[in-house]
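The structure under discussion appears below in the form of structure tokens.
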Amino acid sequence: QVQLVESGGGLVQAGGSLTLSCAASGSTGTINTLAWYRQAPGKQREMVAVVTIDGMTNYGDSVKGRFTISRNDAKTLMYLQMNSLKSEDTGVYYCYAEGLDYSDYERSDYWGQGTQVTVSS
């Protein structure tokens with residue numbers, strides 16, 4: 001099992017910056033992919049940014065060029081640097097980890113509890 005705890009959310013003005021953190025604990029050696037998702041009121045949860053086991057990154061179209069995902073080598077910490085924030089970036093941001101048990105290749109999905117980001121225009 002992997003536990004994920006997000007921090008760093010809050011209220012920021014449009015055009016401002018914010019950095020989210022995600023701390024992973026438990027069976028972190030099974031973590032394969034880490035990602036940030038977000039869910040705006042009345043909308044479906046969407047992928048914001050992902051970093052794979054080999055460090056490759058990918059971003060949702062709406063945040064490309066503004067957000068940067070990073071993690072440490074141990075995959076126990078992950079960050080999301082958010083710049084040039086817009087009102088449409090408002091939502092609950094979730095930390096996600098994909099776990100892979102290499103003994104039987106069973107996959108597991110882990111989610112944090114979420115942190116609120118509110119961008120005022």
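Remember, predicted model here, so these are calculated numbers, not experimental data.
Distance check: E98 CD to T30 OG1 gives 9.5 Å after rounding to the nearest 0.5 Å. Atom OG1 in T68 sits 6.5 Å away from atom CG in N83 (nearest 0.5 Å). In this structure, T115 OG1 and L18 CG are separated by 8.0 Å, a value rounded to the nearest 0.5 Å. Here the OG-CD distance, from S87 to Q13, works out to 12.5 Å after rounding to the nearest 0.5 Å. S17 contributes atom OG, which lies 6.5 Å from atom CG of L85 (distance to the nearest 0.5 angstrom). Separating the CG atom in N32 from the CG atom in D54 is a distance of 9.0 Å, to the nearest 0.5 Å.
Pairing each heavy atom of S120 with each of L11, the nearest pair is CB-CD1, 4.3 Å.
Between the side chain of R71 and the main chain of I53, a donor-acceptor pair closer than 3.5 Å is present. Counting only distance, with no hydrogens or angles, the side chain of T28 and the backbone of S25 share no donor-acceptor pair below 3.5 Å. Between the T57 side chain and the V51 main chain, no donor and acceptor come within less than 3.5 Å of each other. In this structure, the side chain of E6 engages the main chain of Q113 through a donor-acceptor pair within 3.5 Å.
Of the candidates V63, L20, V117, R38 forms a side chain to side chain contact (heavy atoms under 4.5 Å, CB included) with just one, namely V63.
Residue N72 qualifies as enclosed at atom CG: its count of foreign heavy atoms under 6.0 Å is above 12. Within 6.0 Å of the OH atom in Y105, the count of heavy atoms belonging to other residues, nucleotides or ligands does not exceed 12.
Using modelled atom types and a 3.5 Å distance limit, the side chains of T19 and Q81 yield a donor-acceptor pair.
For Y37, the ring pair (Phe, Tyr, Trp, His ring centres under 6.0 Å) test picks out Y96, W111, with sequence neighbours left out. By the salt bridge (Lys or Arg N to Asp or Glu O under 4.0 Å) test, K64 pairs with D61, sequence neighbours left out.
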